[in-house]
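Computed from heavy atoms alone, side chains included, the values below leave out hydrogens, waters and symmetry copies. Just so it is clear, the model here is predicted, and its values are computed rather than measured.
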Amino acid sequence: MAQDKVKLLVIEDEMSIRELLSASLKYAGFDVSSAPTGYAGLQAVEHHHPDVVLLDVMLPDLDGFEVLRRLRAGGRDVPVLFLTARDAVDDRVTGLRLGGDDYVTKPFSLEEVIERVNAVLRRAGKGTPERSGVVRIADLELNEQEYVVRRAGKAITLSPTEFKLLQCLVHNAGRVLSKAQLLEAVWSYDFNGESGIVETYISYLRRKVDAVEPRLIHTVRGFGYVLRTPAAGE
Ligand code: CA
(Lines give C-alpha, C1' and ligand atoms only; values in the text may rest on other atoms or scores of the structure.)
Protein backbone atom coordinates (compact mmCIF):
# COMPACT_ATOMS: atom_id res chain seq x y z
CA MET A 1 0.00 0.00 0.00
CA ALA A 2 2.10 2.83 -1.37
CA GLN A 3 0.01 5.58 0.24
CA ASP A 4 0.94 4.29 3.70
CA LYS A 5 4.66 4.48 3.07
CA VAL A 6 6.77 7.16 4.65
CA LYS A 7 8.00 9.50 1.90
CA LEU A 8 11.65 10.45 1.89
CA LEU A 9 13.50 12.90 -0.31
CA VAL A 10 17.24 12.49 -0.73
CA ILE A 11 19.05 15.66 -1.85
CA GLU A 12 22.60 14.64 -2.63
CA ASP A 13 24.86 15.53 -5.56
CA GLU A 14 27.16 12.51 -5.37
CA MET A 15 25.47 10.04 -7.67
CA SER A 16 26.85 6.92 -6.01
CA ILE A 17 25.64 7.94 -2.55
CA ARG A 18 22.31 9.20 -3.89
CA GLU A 19 21.59 6.00 -5.76
CA LEU A 20 22.77 3.68 -3.04
CA LEU A 21 20.78 5.53 -0.40
CA SER A 22 17.65 5.68 -2.59
CA ALA A 23 17.81 2.02 -3.51
CA SER A 24 18.45 0.80 0.04
CA LEU A 25 15.77 3.01 1.58
CA LYS A 26 13.25 1.84 -1.03
CA TYR A 27 14.19 -1.70 -0.18
CA ALA A 28 13.66 -0.89 3.50
CA GLY A 29 10.07 0.07 2.70
CA PHE A 30 10.20 3.84 2.20
CA ASP A 31 8.81 5.76 -0.75
CA VAL A 32 11.96 7.54 -1.95
CA SER A 33 12.53 10.36 -4.40
CA SER A 34 15.83 12.11 -4.95
CA ALA A 35 17.36 15.29 -6.30
CA PRO A 36 20.96 16.06 -7.29
CA THR A 37 21.04 19.80 -6.50
CA GLY A 38 19.66 22.30 -4.03
CA TYR A 39 17.27 23.89 -6.52
CA ALA A 40 16.04 20.52 -7.76
CA GLY A 41 15.59 19.54 -4.11
CA LEU A 42 13.41 22.58 -3.38
CA GLN A 43 11.25 21.73 -6.39
CA ALA A 44 11.02 18.12 -5.33
CA VAL A 45 9.73 19.17 -1.90
CA GLU A 46 6.89 21.03 -3.65
CA HIS A 47 6.08 18.07 -5.88
CA HIS A 48 6.49 15.12 -3.55
CA HIS A 49 5.62 16.52 -0.11
CA PRO A 50 8.14 14.28 1.65
CA ASP A 51 7.76 13.34 5.33
CA VAL A 52 11.52 13.67 5.85
CA VAL A 53 14.26 15.29 3.76
CA LEU A 54 17.77 13.82 3.81
CA LEU A 55 19.88 16.81 2.91
CA ASP A 56 23.53 16.85 1.96
CA VAL A 57 25.43 19.90 3.22
CA MET A 58 27.88 20.22 0.32
CA LEU A 59 25.83 20.74 -2.84
CA PRO A 60 27.03 22.38 -6.06
CA ASP A 61 24.49 25.22 -6.21
CA LEU A 62 22.73 26.08 -2.95
CA ASP A 63 24.37 24.40 0.01
CA GLY A 64 22.24 22.34 2.39
CA PHE A 65 21.96 25.15 4.90
CA GLU A 66 20.61 27.51 2.25
CA VAL A 67 18.14 24.85 1.11
CA LEU A 68 16.90 24.53 4.70
CA ARG A 69 16.68 28.32 5.10
CA ARG A 70 14.56 28.57 1.98
CA LEU A 71 12.32 25.70 3.05
CA ARG A 72 11.66 27.33 6.42
CA ALA A 73 11.24 30.77 4.85
CA GLY A 74 8.64 29.24 2.54
CA GLY A 75 6.74 27.82 5.50
CA ARG A 76 7.83 24.20 4.95
CA ASP A 77 8.31 22.52 8.30
CA VAL A 78 9.26 19.11 6.91
CA PRO A 79 11.85 17.45 9.20
CA VAL A 80 15.38 17.63 7.78
CA LEU A 81 18.12 15.12 8.43
CA PHE A 82 21.52 16.48 7.38
CA LEU A 83 24.13 14.30 5.75
CA THR A 84 27.46 15.74 6.84
CA ALA A 85 31.07 14.84 6.31
CA ARG A 86 32.78 13.02 9.13
CA ASP A 87 33.92 15.30 11.95
CA ALA A 88 32.42 18.41 10.41
CA VAL A 89 31.28 19.56 13.85
CA ASP A 90 30.60 23.14 12.72
CA ASP A 91 28.27 21.80 10.03
CA ARG A 92 26.27 19.86 12.58
CA VAL A 93 25.93 22.84 14.88
CA THR A 94 25.00 25.18 12.04
CA GLY A 95 22.50 22.66 10.68
CA LEU A 96 20.76 22.15 14.01
CA ARG A 97 20.76 25.88 14.76
CA LEU A 98 19.07 26.55 11.45
CA GLY A 99 16.27 24.17 12.36
CA GLY A 100 17.57 20.89 11.01
CA ASP A 101 16.25 17.98 13.04
CA ASP A 102 19.25 15.70 13.14
CA TYR A 103 22.29 14.67 11.17
CA VAL A 104 24.19 11.57 10.16
CA THR A 105 27.86 11.68 9.38
CA LYS A 106 29.34 10.10 6.27
CA PRO A 107 30.22 7.34 5.87
CA PHE A 108 27.02 6.06 7.42
CA SER A 109 25.40 2.68 7.67
CA LEU A 110 21.92 2.20 6.27
CA GLU A 111 20.78 1.02 9.67
CA GLU A 112 21.91 4.31 11.20
CA VAL A 113 20.09 6.34 8.56
CA ILE A 114 16.86 4.38 9.08
CA GLU A 115 17.15 4.77 12.85
CA ARG A 116 17.59 8.54 12.53
CA VAL A 117 14.71 8.82 10.04
CA ASN A 118 12.42 6.95 12.44
CA ALA A 119 13.59 9.07 15.37
CA VAL A 120 12.93 12.25 13.41
CA LEU A 121 9.47 10.97 12.45
CA ARG A 122 8.67 10.11 16.05
CA ARG A 123 9.72 13.54 17.24
CA ALA A 124 7.67 15.14 14.48
CA GLY A 125 4.70 13.10 15.71
CA LYS A 126 4.16 11.54 12.29
CA GLY A 127 3.03 7.99 11.74
CA THR A 128 6.02 5.76 12.22
CA PRO A 129 6.23 2.26 10.81
CA GLU A 130 5.93 0.92 14.38
CA ARG A 131 2.40 2.22 14.51
CA SER A 132 1.41 0.59 11.25
CA GLY A 133 1.97 -3.03 12.17
CA VAL A 134 5.75 -3.22 12.13
CA VAL A 135 7.51 -4.77 15.10
CA ARG A 136 11.28 -4.42 15.51
CA ILE A 137 13.74 -6.37 17.60
CA ALA A 138 17.33 -5.26 17.01
CA ASP A 139 17.68 -5.24 13.20
CA LEU A 140 14.83 -7.71 12.73
CA GLU A 141 11.63 -6.21 11.40
CA LEU A 142 8.28 -7.95 11.17
CA ASN A 143 5.54 -6.26 9.15
CA GLU A 144 2.34 -7.94 10.24
CA GLN A 145 0.15 -6.19 7.70
CA GLU A 146 2.20 -7.02 4.66
CA TYR A 147 3.68 -10.29 5.93
CA VAL A 148 7.16 -9.05 5.22
CA VAL A 149 10.20 -9.86 7.35
CA ARG A 150 13.47 -7.99 7.11
CA ARG A 151 16.78 -8.52 8.74
CA ALA A 152 19.29 -5.65 8.51
CA GLY A 153 17.08 -4.11 5.82
CA LYS A 154 17.03 -7.23 3.65
CA ALA A 155 13.66 -8.80 2.87
CA ILE A 156 13.32 -12.48 3.80
CA THR A 157 10.74 -14.87 2.39
CA LEU A 158 9.07 -17.08 4.98
CA SER A 159 6.40 -19.74 4.64
CA PRO A 160 3.15 -18.98 6.51
CA THR A 161 4.13 -21.40 9.29
CA GLU A 162 7.59 -19.89 9.64
CA PHE A 163 6.02 -16.44 9.77
CA LYS A 164 3.59 -17.51 12.47
CA LEU A 165 6.37 -19.06 14.52
CA LEU A 166 8.54 -15.96 14.23
CA GLN A 167 5.55 -13.78 15.08
CA CYS A 168 4.94 -15.81 18.23
CA LEU A 169 8.60 -15.49 19.28
CA VAL A 170 8.68 -11.76 18.51
CA HIS A 171 5.48 -11.04 20.45
CA ASN A 172 6.95 -12.86 23.41
CA ALA A 173 10.46 -11.45 22.99
CA GLY A 174 12.51 -11.98 26.13
CA ARG A 175 10.20 -14.74 27.38
CA VAL A 176 11.15 -18.38 27.13
CA LEU A 177 8.48 -20.39 25.32
CA SER A 178 8.28 -24.13 25.72
CA LYS A 179 7.99 -26.37 22.68
CA ALA A 180 4.49 -27.23 23.88
CA GLN A 181 3.50 -23.57 23.97
CA LEU A 182 4.87 -23.00 20.48
CA LEU A 183 3.18 -26.13 19.17
CA GLU A 184 -0.14 -24.97 20.49
CA ALA A 185 0.25 -21.36 19.37
CA VAL A 186 1.51 -22.07 15.87
CA TRP A 187 0.12 -25.48 14.95
CA SER A 188 -2.88 -25.54 17.32
CA TYR A 189 -1.78 -29.01 18.44
CA ASP A 190 -2.12 -30.39 21.90
CA PHE A 191 1.30 -31.40 23.03
CA ASN A 192 1.76 -35.13 22.84
CA GLY A 193 5.43 -35.54 22.16
CA GLU A 194 5.43 -34.04 18.67
CA SER A 195 8.03 -31.44 19.50
CA GLY A 196 10.15 -32.54 16.53
CA ILE A 197 8.18 -30.24 14.25
CA VAL A 198 9.01 -27.25 16.46
CA GLU A 199 12.72 -28.07 16.33
CA THR A 200 12.54 -28.47 12.57
CA TYR A 201 10.85 -25.11 12.03
CA ILE A 202 13.14 -23.35 14.48
CA SER A 203 16.06 -24.60 12.39
CA TYR A 204 14.39 -23.30 9.18
CA LEU A 205 13.87 -19.92 10.84
CA ARG A 206 17.42 -19.76 12.07
CA ARG A 207 18.73 -20.42 8.61
CA LYS A 208 16.57 -17.67 7.13
CA VAL A 209 16.47 -14.90 9.70
CA ASP A 210 19.21 -15.68 12.17
CA ALA A 211 22.19 -16.50 9.99
CA VAL A 212 23.83 -13.18 10.87
CA GLU A 213 25.13 -11.71 14.13
CA PRO A 214 23.76 -10.98 16.60
CA ARG A 215 21.82 -14.24 17.00
CA LEU A 216 18.33 -13.53 18.24
CA ILE A 217 16.79 -17.00 18.60
CA HIS A 218 18.23 -18.81 21.61
CA THR A 219 17.72 -22.38 22.74
CA VAL A 220 16.97 -22.89 26.40
CA ARG A 221 18.09 -26.46 26.86
CA GLY A 222 15.42 -28.87 28.00
CA PHE A 223 12.72 -26.25 27.84
CA GLY A 224 12.29 -24.28 24.67
CA TYR A 225 13.25 -21.10 22.86
CA VAL A 226 13.46 -17.39 23.40
CA LEU A 227 13.92 -14.52 20.98
CA ARG A 228 15.85 -11.68 22.49
CA THR A 229 18.59 -9.21 21.76
CA PRO A 230 21.88 -10.43 23.17
CA ALA A 231 23.15 -8.87 26.37
CA ALA A 232 26.34 -6.83 26.12
CA GLY A 233 29.38 -9.05 25.66
CA GLU A 234 27.42 -12.04 24.38
CA1 CA B 1 27.91 16.59 -1.67
Query raised in the report: Minimum heavy-atom separation for His218 to Arg206, with atom names?
Result: C-NH2, 3.6 Å

Query raised in the report: Atom CD1 of Ile11 and atom CG of Leu42: how far apart are they, to the nearest 0.5 Å?
Result: 6.5 Å

Query raised in the report: Are the side chain of Gln43 and the backbone of Ala40 linked by a donor-acceptor contact shorter than 3.5 Å?
Result: no

Query raised in the report: Quick one: CD on Glu184 to SG on Cys168, what's the gap to the nearest 0.5 Å?
Result: 10.0 Å

Report task. Determine the minimum heavy-atom distance between Gly38 and Asp61, stating which atoms define it. Result -> N-OD1, 2.8 Å

Requested in this report: Answer yes or no: is there a side-chain heavy-atom contact under 4.5 Å between Val53 and Leu81?
Outcome: no

Query raised in the report: Which distance, rounded to the nearest 0.5 Å, do you find between the CG of Leu83 and the CZ of Phe108?
Result: 5.0 Å

**Report entry** Minimum side-chain heavy-atom gap Leu8-Asp31 below 4.5 Å
**Finding:** no

**Report entry** In one Ile/Leu/Val/Met/Phe/Trp/Tyr side-chain cluster, 4.5 Å: Ile156, Val186
**Finding:** yes

Requested in this report: Quick one: do Glu199 and Tyr225 satisfy side-chain contact (heavy atoms from CB on, under 4.5 Å)? Show the steps, please.
Outcome: CA-CA 10 Å; Glu199 285 163 30; Tyr225 303 95; 3.4 Å; yes

**Report entry** Separation of Gln167 CD from Glu162 CD (nearest 0.5 Å)
**Finding:** 13.5 Å

Query raised in the report: Side chains of Leu110 and Tyr27: closer than 4.5 Å at any heavy-atom pair?
Result: no

Requested in this report: Identify whether Leu165 and Val176 are in the same connected component of the hydrophobic contact network (ILVMFWY, side-chain heavy atoms under 4.5 Å).
Outcome: no

Report task. Dump the intermediate steps for side-chain contact (heavy atoms from CB on, under 4.5 Å) on Val80 and Val67, then the final yes or no. Result -> CA-CA 10 Å; Val80 168; Val67 171; over 6 Å; no

**Report entry** Sub-4.5 Å side-chain heavy-atom contact between Glu14 and Lys106
**Finding:** yes

Report summary line: In short, Arg18 meets Asp13 closest at the heavy-atom pair NH1-O, 3.4 Å

Query raised in the report: In terms of side-chain geometry, is the basic nitrogen of Arg151 or Asp210 positioned less than 4.0 Å from the acidic oxygen of its partner?
Result: yes

Requested in this report: For Phe82 and Val57, work out which heavy atoms get closest and say how close.
Outcome: CD2-CG2, 3.7 Å

**Report entry** ILVMFWY network linking Tyr204 to Tyr147, side-chain heavy atoms under 4.5 angstrom
**Finding:** yes

Report task. Look only at the side chain of Lys208 and the backbone of Thr157, and say whether a donor-acceptor pair between them is shorter than 3.5 Å. Result -> yes

Query - same_hphob_cluster(Leu166, Val148) at 4.5 Å side-chain heavy-atom cutoff - result: no

Report task. For residues Asp51 and Val117, determine if any side-chain heavy atom of one lies less than 4.5 Å from a side-chain heavy atom of the other. Result -> no

Query raised in the report: If you count the non-hydrogen atoms of other residues, nucleotides and ligands that lie under 6.0 Å from CZ in Phe223, is the total more than 12?
Result: yes

Query raised in the report: Under 4.0 Å between a Lys/Arg side-chain N and an Asp/Glu carboxylate O for Arg72 and Asp77?
Result: no

Query - Gap separating the NE2 atom of His49 from the OG atom of Ser33, nearest 0.5 angstrom - result: 11.0 Å

Query raised in the report: Could you go step by step and tell me if Leu62 and Tyr39 meet the side-chain contact (heavy atoms from CB on, under 4.5 Å) rule?
Result: CA-CA 7 Å; Leu62 305 171; Tyr39 283 116; 3.6 Å; yes

Requested in this report: Using a 4.5 Å cut-off on heavy atoms from C-beta on, say whether the side chain of Leu158 contacts that of Val209.
Outcome: yes

Query - Steps toward side-chain contact (heavy atoms from CB on, under 4.5 Å) verdict (Leu55, Phe65) - result: CA-CA 9 Å; Leu55 180 54; Phe65 302 138; over 6 Å; no

Query raised in the report: With under 30° as parallel and over 60° as perpendicular, where do the rings of Trp187 and Tyr201 fit, or are they tilted in between?
Result: perpendicular

Requested in this report: Considering only NZ, NE, NH1 and NH2 on the basic side and carboxylate oxygens on the acidic side, decide whether Glu213 and Arg215 come within less than 4.0 Å.
Outcome: yes

Report task. Please answer: with hydrophobic residues joined when any side-chain heavy atoms are less than 4.5 Å apart, are Leu169 and Val226 in the same cluster? Result -> no

Requested in this report: May I ask you to decide whether Arg70 forms a salt bridge with Glu66, counting only side-chain N to carboxylate O separations under 4.0 Å?
Outcome: yes

Report summary line: Value for OG (Ser34) from CD (Glu19), rounded to nearest 0.5 Å, stands at 7.5 Å

Requested in this report: Please examine the side chains of Asp56 and Thr84, heavy atoms only from C-beta on, and report whether any two atoms are closer than 4.5 Å.
Outcome: no

Requested in this report: Quick one: closest heavy-atom pair of Ile137 and Leu216, and the distance?
Outcome: O-CD1, 4.0 Å

Query raised in the report: Where is the tightest heavy-atom contact between Gly41 and Leu9, given as atom of each residue plus distance?
Result: O-CD2, 3.7 Å

Query raised in the report: Is the shortest side-chain N to carboxylate O distance from Lys154 to Glu141 below 4.0 Å?
Result: no

Report task. Classify the side-chain pair Glu144/His171 by whether it contains a donor and acceptor separated by less than 3.5 Å. Result -> yes

Query raised in the report: So which of Val32, Val113, Val120 actually passes side chain to side chain contact (heavy atoms under 4.5 Å, CB included) with Leu54?
Result: Val113

